[in-house]
Amino acid sequence: QYFTPHSTLRYRKLDGDFFDKNFIDFSGYIFYDLDFKNQLNEVDNYKNYTIKKYGSLASLICKSISGGGVTIGFKIKNKIESINQFNSAISFITTNILYKEIDYIDVSLYRVGQPLHITSDPMAFVDFNNEIEVDLVFPSIIEKSIKQYIMGNYIYNIPIYLVNFFVNLH
């Protein structure tokens, strides 16, 4: 079995018919990796900022494995039971909670089976009592981004590189 930040899997291959065969369950957490764009000397300040801003919502905030950003984990109160609900949860958090961090989000973690290495940050912020409730029928960024991509604009302040990423996923 594989344990990824978002799910438990038999194997990480989830495309096509393999999803039903290899997917076991969602983890109940959604993680984000915020890359601080080559400003390594500012990562501690950015981590402190994220703790102040999101510490009442997040279960984990720590330096990312690269040391060039911050990892934030949210414990989800609702039970996520489908890929559509997972996409809605990601979209809800991105557009309602982390919208000011949109330029820093590593969108590769938007995939159910994506692995994530958590650092051994000795000053990690942890609060397992924090849970957030998300809208599991929230309009998916993925669907809206593809439609908006065709028009050549942004949606929900999502930069074009995110739109390109989502288009390549589907």
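Note that the structure is a prediction, hence the values are computed from the model and not measured.
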Hphob cluster co-occupancy, Met123 + Tyr46, side-chain heavy atoms under 4.5 angstrom: no
From CD1 (Ile30) to CD1 (Ile90), nearest 0.5 Å: 4.5 Å
From Ile93 atom CD1 to Asp135 atom CG, the distance as rounded to the nearest 0.5 Å: 11.5 Å
Side chain to side chain, Ile76 and Glu131, heavy atoms closer than 4.5 Å: no
Closest approach of Tyr54 to Ile97 (non-hydrogen atoms, all atoms of both residues): CE2-O, 3.4 Å
Within-4.5 Å side-chain heavy-atom neighbours: Phe74 and Val134: no
Heavy-atom closest pair, residues Asn78 and Leu136: CB-CD1, 3.6 Å
Pairwise side-chain contact, Phe31 with Leu60, heavy-atom cut-off 4.5 Å (strictly under): yes
Closest approach of Val43 to Gly67 (non-hydrogen atoms, all atoms of both residues): CG2-O, 3.4 Å
Heavy-atom side-chain proximity of Thr71 to Asp121 below 4.5 angstrom: no
More than 12 heavy atoms from other groups under 6.0 Å of CZ on Phe18: no
Side chain proximity check, Asp35 to Tyr104, heavy atoms < 4.5 angstrom: no
Value rounded to 0.5 Å, distance of OG in Ser56 from CG in Asn130: 6.5 Å
Path from Ile65 to Phe125 over hydrophobic side-chain contacts below 4.5 Å: no
From Ser27 atom OG to Leu9 atom CG, the distance as rounded to the nearest 0.5 Å: 10.0 Å
Minimum-distance pair of heavy atoms, taken over all atoms of Asp33 and Ser64: OD1-CB, 3.1 Å
Nearest-0.5 Å distance, CD1 of residue Ile61 to NZ of residue Lys52: 12.0 Å
Residue pair Tyr49 / Glu42, side-chain heavy-atom distance below 4.5 Å: no
Heavy-atom pair of closest approach, residues Leu34 and Thr50: CD1-CG2, 4.4 Å
Where Lys47 and Val70 come nearest, the two heavy atoms and their spacing: CA-CG2, 3.7 Å
Plane angle bin for Phe26 and Phe86 - parallel if under 30°, tilted between 30 and 60°, otherwise perpendicular: parallel
Derivation of the salt bridge (charged side-chain N to carboxylate O under 4.0 Å, His left out) call for Lys79 and Asp25: CA-CA 10 Å; Lys79 174 81 170 131; Asp25 199 5; 2.9 Å; yes
Intermediate values then yes/no, side chain to side chain contact (heavy atoms under 4.5 Å, CB included), Lys63 and Asp44: CA-CA 8 Å; Lys63 285 184 186 178; Asp44 286 327; 2.6 Å; yes
Tyr32-Glu101 side chain donor-acceptor pair, cut-off 3.5 Å: no
